[in-house]
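Notes for the one structure printed next.
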Amino acid sequence: MDLLQKLNEEQYKAVTHIDGPLLILAGAGSGKTRVITYRIAHLIKNVGVPPFAIVAVTFTNKAAEEMQNRIKALIGPIGESVMIKTFHSLAVYILRRHGEAIGIPSNFTIYDDHDQESVIKDILRDMHIDPKAVKPSMIVEKISRIKESNHYIEGGDITPLLPKFHSFNFPEIFTQYHEKLKAANALDFSDLLVRTVQLLRNKDVLHMLQSRWKYFMIDEYQDTNVAQYLIAKYLSSGTKNICVVGDDDQSIYSWRGADIRNILNFEKDYPNATVITLHRNYRSTEPILKAAWHVIKNNYKRKDKKLTSHRGDGEPIIVCTANNEYAEAEYVINTIVMLKHKEGYTNRDFTIFYRTNAQSRIFEEHLRKKNIPYVVIGSVKFYERKEIKDIIAYMRFIANQHDTVSFLRIINTPARGIGASTVEKIRDAAYISGVTEWDIIANSQTYSFKLSPALTAFKDIMQKLIDKAKETPQHYKLSDICISILHDTQYTKSLEEENSIESRGRLENIDAFVNSIFEYEHLHPQATLDEFLQDISLLTPADETNGTQDTITLMTVHNAKGLEFPVVFLTGMEEGLFPHANSSDTEEGIEEERRLCYVGMTRAKDRLFLTAAEIRRSWGSIHYKEASRFISELPSQLCQFTSFNSSYDLWDGPQDSSFDKFIAESVNKNKNIRNEITSSQFKVHQRVKHPSFGIGVITTIQGQGDNVKLTIQFLNGFTKTFLERYTPLEPVT
DNA sequence: AGCTAAAATGTTTTT
DNA sequence: CATTTTAGCT
């Protein structure tokens, strides 16, 4: 079949490897996705493996969807039967069908981190622990790490692992948390993986699955944790046809329990494994690839390797220092406008990366000001908006009346006169009788619970909706229930009456949500309410991307994994931010930050810009920032160093005195530099012409010999510093 | 019960 | 500084 002709030697070897364990070490941009999809196509078309016998696991649903489409493009509609999922969605698939074997009802609800926090807050309150003494999010984090640890999975005593805090009893919280989830018939993200491991230890279940699934492919294997590792291991234990793909240089999730040893020890785990290294990079120009290598080579803990570039020479990496974070944003957006104009790029060619979500705001403000369309991946996710979560909570409660978190969310939303004290009474009654809150309301006589008129009204509305969900035929069930919720609970009505700018926005979001349900119904005509809820609870940030519009993409570097863009801006390259201060204490932390930097840099195809701010405002005060150590790791002959100062004052109101002081100081510094004697062929105040920035005036000359740097103020507002020997400048009279 | 205004608190990265 | 939580008032 001709699909094999489009592969290089190593790719060909990987694709045509059929049986037995296979490790593909795929460097950045080495055609990893192509190898996975072609291998699947090859197995089906040339080897005769039935599509349903193949399982591929990727990192995001988006990646899974894309892979499914690529496979369908290669082999036709039959590619639909290949099982392509994330670990979490694969776990849901398995648990829904076989979970009963370990006591998990198939209609379980999935609690996201927000739901988990609500549960923890509840527990803290019940235990009379001051919620300020400890962050619930921190407890959630600890619980997840413990649950996904090898020790917990193997049934060991976890008490010694539990952190000891002076004022409260962590083991007790841990126990109560589990009881609450069990009572709510809910599983959290960790449970999905850990319970699946437990289930796969049941021989009957395992054999049932293995009779169907014969070939396994795991993408981003360097970022798997113990539970994921075990799921892959058990599933493939029958045939040993496991193919894993990864790159230890791109492991960026160790803080979430990912264990890089999974990929480093693959050959030990599977002694007769074939190992293929993909080292030819087809994505980035040579300077970009070289520069990225110069950064990553500083990591002590890595397999030494070097990618070869197959794209040839390109533009140098541009490193820009801006005087503050607003100037940084201005520089990035000016450069985008300039490149669009001069080199014909369109919005979708650009991406802005940053280390923390909070950094996106300033870029957004500037983009809005300039009327440039953009999407932010991951920050305020659509499904995390209040109104959407409210509707979903109604749907979840209708599907599962044990779901306490959802119940508490909806009981007085929209406000219907059921206050905190009433809710408290219901909860007490439920606790005393050992039943759910809904039981108390639905069968109030049994528990001699006095219902207020407001509660009776709530009960009637919910009872009607629950009954309706049972009776409605499948094919229009979802939209029908959703619209009934919006109507019967007066949710839309209360927003319409509010009639504020905000409520209008919410109504628009609800409209978008209803439309998405219609769309979903069309794609999955047989989907039940449970299935719908499970699908949306596993949606990841990258899944929200709208691929059709010409927009600039903004995202954290973590979200950038697996993507590529012609022009990449890697922003906030400052000590304390990237590498982040919280990771800078240990060598391991710095190495992971460095890998993150490597991932960011290697997303770029043609152009790479690194930017830093000298001053950044955070927590309301001003901080002087030093350039990131990763910048100093770049080889200077591959880079152009420049600076950008905001041409006008972006700060509203009276300026902070320390800011003024800093400006005064740096002006002084520049004065001294300006008087340095240099060996440049140019002079200060001379007019020159630059091929891409046009005409400007030299304001500063510094350095000696090969290191002469020229700072030029251009007519178009840019101020840049160039190394003279790399910059073709013409004198202008 | 529900709203407004003051206070507290928070920034790592996410399936 | 900006968002979220709480207190206090009506």
Side-chain angles (χ1 to χ4, degrees), chain A residues 57-64 85-92 110-114 116-117 121 131-132 135-138 140-141 144-145 147-148 187-194 219-220 223-225 227-228 231 251-258 325 353-362 365 377-381 384 386 412-423 452 454 494 498 537-543 555-561 572 576-585 589 592-593 595-597 599-600 616-623 651-653 656:
Chain A
V57 182
T58 66
F59 215 68
T60 61
N61 290 306
K62 174 86 176 167
K85 294 199 163 285
T86 63
F87 268 109
H88 292 266
S89 66
L90 181 69
V92 170
I110 300 167
Y111 275 9
D112 66 14
D113 46 359
H114 212 268
Q116 296 182 53
E117 268 184 49
K121 275 184 196 155
K132 277 167 229 154
K135 271 197 303 189
S137 62
M138 187 269 262
V140 167
E141 171 68 24
S144 298
R145 289 292 72 75
K147 281 164 79 168
E148 291 180 26
L187 300 183
D188 64 23
F189 281 128
S190 305
D191 288 328
L192 294 178
L193 302 176
V194 173
D219 194 10
E220 309 284 7
D223 282 322
T224 50
N225 61 26
Q228 293 166 327
I231 291 172
S251 156
I252 55 176
Y253 283 103
S254 72
W255 51 273
R256 204 176 72 187
E325 71 266 37
F353 293 157
Y354 35 79
R355 176 67 237 268
T356 67
N357 282 307
Q359 286 166 257
S360 75
R361 203 192 91 240
I362 296 161
E365 280 170 9
I377 307 284
S379 58
V380 211
K381 298 163 207 165
E384 281 179 12
K386 183 190 179 301
N412 201 29
T413 314
R416 49 169 76 87
I418 303 172
S421 55
T422 313
V423 173
S452 66
S494 71
E498 193 184 321
S537 60
L538 290 175
L539 279 184
T540 60
D543 303 328
M555 67 184 92
T556 63
V557 196
H558 280 90
N559 267 317
K561 184 150 81 161
L577 188 57
F578 198 178
H580 198 277
N582 294 9
S583 308
S584 299
D585 300 337
E592 179 141 322
E593 295 285 315
R595 289 193 293 270
L596 195 55
C597 179
V599 167
R616 188 175 292 273
R617 219 172 214 207
S618 42
W619 307 284
S621 58
I622 273 164
H623 296 266
W651 308 70
D652 292 331
D656 193 300

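Only heavy atoms go into these numbers, but all of them, side chains included; no hydrogens, no water, no symmetry mates. Chain A is the first sequence line, chain B the second, and so forth, proteins listed ahead of strands; every chain is numbered from 1.
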- Query: For A:H88, what residues pass the ring-ring contact (aromatic ring centres under 6.0 Å, His included) criterion, not counting sequence neighbours?
  - Reply: A:F189
- Face-to-face stacking of A:H580 with B:dT12, centres under 5.5 angstrom, angle under 30°: yes
- Roughly how many Å is it from CH2 in A:W255 to P in B:dT12, rounded to a whole number? 11 Å
- To the nearest angstrom, the CD1-C1' distance between A:I252 and B:dT15 comes to 12 Å
- Message: Please confirm whether the shortest side-chain N or O distance from A:N412 to OP1 or OP2 of B:dA1 is below 4.0 Å.
- Response: no
- Judged by nearest nucleotide, the residue sitting upstream toward the 5' end of DNA chain B, A:F189 or A:S583, is A:S583
- Query: Quick one: are A:L596 and A:F578 in side-chain contact, heavy atoms under 4.5 Å?
  - Reply: yes
- Item | Atom-pair distance (CG on A:N582; P on B:dT13), nearest Å | 10 Å
- Query: For A:E593 and B:dT11, what is the distance between atoms CD and C1' respectively, to the nearest whole Å?
  - Reply: 13 Å
- So which nucleotide from C:dT5, B:dT12, B:dT14 ends up closest to the side chain of A:N559? B:dT14
- Task: Give a yes-or-no answer on whether the side chains of A:S144 and A:E141 include a donor-acceptor pair shorter than 3.5 Å.
- Result: no
- Can you tell me how far P in B:dT11 sits from the matching atom in C:dT6, rounded to whole Å? 15 Å
- Counting just side-chain N and O atoms, does A:N357 come under 4.0 Å of either OP1 or OP2 of B:dT12? no
- Message: Check the phosphate of B:dA1 against A:T422, side-chain N and O only, distance under 4.0 Å to OP1 or OP2. Yes or no?
- Response: yes
- Pick base, sugar-phosphate or nothing for A:Y253, based on heavy-atom distances below 4.0 Å to the nucleic acid. sugar-phosphate
- Item | Paired nucleotide for B:dT14 [Watson-Crick or G-U wobble; both distances under 3.5 Å] | none
- Query: Could you give the CD1-to-P distance, from A:I362 to C:dA2, as a whole number of Å?
  - Reply: 10 Å
- May I have the distance from A:F59 (atom CZ) to B:dT13 (atom P), rounded to whole angstrom? 15 Å
- Note on the structure: Note: A:T356 and A:H580 closest approach over all heavy atoms is CG2-CD2, 3.9 Å
- From the candidates B:dT11, C:dA2, B:dT15, the one with an atom nearest any side-chain atom of A:A358 is B:dT11
- A:Q228 CD to B:dT14 P, straight-line distance once rounded to whole Å: 16 Å
- Item | Between B:dT14 (P) and A:K147 (NZ): distance, integer Å | 21 Å
- Nearest-Å distance once atom C1' is located in both C:dT5 and B:dT12: 23 Å
- A:R256/A:E148 salt bridge by N-O under 4.0 Å criterion: no
